[in-house]
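Heads up: the structure comes next, in structure tokens.
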Amino acid sequence: MKSFDFMIEFSLIGFCLFNAISCQQKVTTSIDRIKSAGFKEEVHKVTTLDGYVLTLFRIVTSSNNKPKVQRQHPVLIQHGLMSNSDCFLVDGDGLAFVLARDNWDVWLGNIRGNYYSREHTRISPNGTEFWNYSWHEMGQRDITAMVNYILGNTGKARLNYIGHSMGTTMFYVMASTMPSYNKKINTMISLAPASRMTKWDFVSNNTTFFYQLVHDELMKYILQKRVEAFPRGEIKGMSKHQVSIEDLDALYFKASFGLINWLVKVLTGDDIFPDGTSLRTLLHYTQNIGAGTFQRFDYGSGVRNMLAWGTEYPLPYKLNKIQAPVAVYYAVGDEFSSEKDSEYLISKLPNVVLKMRISALRFSHADFCFTTAPENLSERRRMHTSIKNLLRQRDDIKKVCQNKKNCDAKS
């Protein structure tokens with residue numbers, strides 16, 4: 001009990017500091033970051049089948065048009081929950097810059113609802129209908145749209161996909177439920193994979209008080225039609241349907257989110273977390289953590305589930321349907337994605353081409369994007385070297401494969 005009280009007190013300090021320094025500073029955009037690193041950028045707008053307008057950033061190097069080393073496949077890098085493309089552009093060691101300097105054609109995705117993709121062809125983001133989605137729709141609609149757009153723009157048949165956290169979740173949804181997309185993936189790299197999440201099962205399974213507290217907090221706002229969670233920057237206050245950190249009623253959640261926001265700001269020098277998403281996205285993760293499984297959204301009634309999924313209960317995603325080559329990078333110190341769950345994922349995927357276990361205990365969930373402690377920088381660089389080597393190796397495989405008749409997603 002004393003440790004819990006200490007966590008609340010420590011979080012409150014962070015929340016107070018957050019409120020003191022978070023006021024209305026100008027957002028440093030992905031375009032600003034790319035230009036500051038000495039690259040040119042392209043901005044692409046992609047419309048999903050259900051009308052969401054997404055923003056893709058492409059890093060243009062001097063060698064994109066006349067490459068010194070011919071790279072066969074573009075790279076799509078996809079952020080995680082309550083994040084955006086800035087995550088991979090924080091400093092010179094950002095993965096997007098590392099790969100651009102290695103002459104890869106780098107594209108950065110932004111999912112519906114965040115700072116860069118709060119747009120729709122028909123409905124307003126200031127209404128409730130816009131926010132009626134979770135990472136299931138993101139996987140089936142957003143990721144597919146971006147993959148199709150990049151391949152169409154570049155004239156390539158396949159691309160490399162790198163996802164962090166929810167960026168992996170969305171890919172697993174797409175590849176397991178829409179198997180034709182496996183053939184469009186040269187290599188999928190999972191950073192801090194998020195499928196089944198049982199690390200905190202002892203306090204967060206759906207029989208515990210803590211789970212009910214989180215679930216009820218989310219449902220309260222959904223019933224109030226406050227369905228846009230944690231908007232960023234000047235977007236705050238644009239809609240009566242928003243929930244910001246300051247709005248949270250549960251003191252512990254308010255203090256904890258405030259502390260995380262403050263820490264990220266201290267580490268990165270900017271306001272990159274949290275970024276907007278739907279309350280339903282958070283509820284979907286909460287359901288999965290509570291159930292200790294990786295499954296579709298539970299609408300809370302057999303009738304609604306039947307209409308959505310054809311079954312009374314939400315169906316699990318079949319990871320064994322993912323035929324694309326997958327590399328898994330996980331850290332034992334990750335606060336959310338456990339070693340146990342990462343190894344479980346690996347055991348279910350039929351085409352794992354590489355596994356990297358990062359044993360540094362202070363290497364956190366965020367370190368896959370930016371450095372949270374000086375001693376983790378060497379581990380990040382080691383991981384980046386592994387990723388570059390893997391992409392080069394897989395690129396060479398596909399060059400050979402192009403001359404063969406029987407090349408498939410298992411190559």
Side-chain angles (χ1 to χ4, degrees), residues 59 61 69-80 87-108 158-165 167-168 171-172 175 185-195 322 324-334 336-347 349-401 409-411:
I59 299 180
T61 67
V69 179
Q70 182 67 46
R71 303 296 189 200
Q72 295 297 310
H73 303 93
V75 180
L76 170 59
I77 306 180
Q78 186 54 58
H79 64 78
C87 176
F88 298 99
L89 302 168
V90 168
D91 54 35
D93 281 293
L95 180 58
F97 295 139
V98 169
L99 294 180
R101 289 194 294 268
D102 199 39
N103 203 51
W104 293 94
D105 183 9
V106 176
W107 298 69
L108 292 145
R158 302 186 188 194
L159 57 73
N160 298 304
Y161 180 99
I162 301 176
H164 172 242
S165 189
T168 69
F171 180 90
Y172 304 147
I185 304 301
N186 181 58
T187 309
M188 189 277 177
I189 295 176
S190 294
L191 307 179
S195 55
I322 301 175
V326 179
V328 178
Y329 291 75
Y330 69 84
V332 297
D334 193 318
F336 303 107
S337 179
S338 72
E339 179 174 8
K340 176 183 175 183
D341 287 332
S342 296
E343 290 293 342
Y344 171 82
L345 171 69
I346 290 167
S347 73
L349 294 173
N351 195 9
V352 175
V353 295
L354 182 144
K355 176 185 80 172
M356 182 174 181
R357 176 183 183 270
I358 300 172
S359 59
L361 294 179
R362 291 192 64 186
F363 196 95
S364 71
H365 198 69
D367 277 292
F368 288 93
C369 285
F370 53 84
T371 304
T372 66
E375 61 267 32
N376 292 338
L377 180 57
S378 60
E379 290 292 337
R380 285 188 68 219
R381 289 174 173 171
R382 186 169 71 92
M383 177 183 70
H384 290 166
T385 298
S386 173
I387 291 172
K388 287 192 297 182
N389 290 340
L390 175 64
L391 290 178
R392 292 170 186 169
Q393 176 190 359
R394 297 287 307 163
D395 219 41
D396 290 338
I397 288 173
K398 293 306 172 189
K399 289 176 189 177
V400 174
C401 187
K410 277 185 169 293
S411 299

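Ring geometry for H365 versus F336: interplanar angle over 60°, hence perpendicular rather than tilted (30 to 60°). Aromatic ring orientation, F368 versus F363: perpendicular (interplanar angle above 60°, classes split at 30° and 60°).
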Derivation of the side-chain hydrogen bond (donor to acceptor under 3.5 Å, both in side chains) call for N376 and T371: CA-CA 6 Å; N376 292 338; T371 304; over 6 Å; no

Assess whether side-chain hydrogen bond (donor to acceptor under 3.5 Å, both in side chains) is satisfied between S195 and Y344, documenting all intermediate values. CA-CA 10 Å; S195 55; Y344 171 82; over 6 Å; no

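Counting only N and O atoms by type, the side chains of D367 and S364 include a donor and acceptor under 3.5 Å apart.
Note that CH2 of W104 and CG of L159 are 11.5 Å apart. Values are rounded to the nearest 0.5 Å. The line from OG1 of T385 to CG of L390 is 12.5 Å long, rounded to the nearest 0.5 Å. Residue L108 holds its CG atom at 8.0 Å from CG of L76, rounded to the nearest 0.5 Å. Here the straight-line distance linking atom SG of C369 with atom CD1 of I77 works out to 9.5 Å at 0.5 Å rounding. In this structure, the separation between CG on L191 and CD1 on I162 is 6.5 Å, given to the nearest 0.5 Å. Atom OG1 in T168 sits 10.5 Å away from atom CD in Q78 (nearest 0.5 Å).
With D102 as the fixed residue, the side-chain hydrogen bond (donor to acceptor under 3.5 Å, both in side chains) test singles out one of H384, R71, K388: R71.
Not a single salt bridge (Lys or Arg N to Asp or Glu O under 4.0 Å) links K340 to another residue, sequence neighbours left out.
Contact check for S165 versus S337: no side-chain heavy atoms found under the 4.5 Å cut-off. Here the side chains of V98 and I387 are not in contact, with every heavy-atom distance at 4.5 Å or above. Proximity of I322 to F171: side-chain heavy atoms (C-beta onward) are separated by under 4.5 Å at one or more points.
Considering every non-hydrogen atom in both F97 and D91, the closest pair reads CD1-O, 3.2 Å. Of all the heavy atoms in P193 and L345, the pair that sits closest is CB-CD2, 3.5 Å. Heavy atoms only, all atoms of each residue included: P325 and V353 are closest at CB-CG1, 3.8 Å. Summarising the geometry of S359 relative to V332, their closest heavy-atom pair is O-CG2, 3.3 Å, with the distance given to 0.1 Å. Considering all non-hydrogen atoms of both residues, L95 and R380 come closest at N-NH2, 4.5 Å. Nearest heavy atom pair, residue V352 against residue I346, reads CG2-O, 3.9 Å.
In this structure, Y172 contributes its side chain and A194 its backbone to no donor-acceptor pair below 3.5 Å. Of the possible donor and acceptor atoms, none in the side chain of N160 sits under 3.5 Å from a partner among the backbone N and O of N186.
Taking a cutoff of 4.0 Å between a charged side-chain nitrogen and a carboxylate oxygen, K355 and E343 qualify as a salt bridge.
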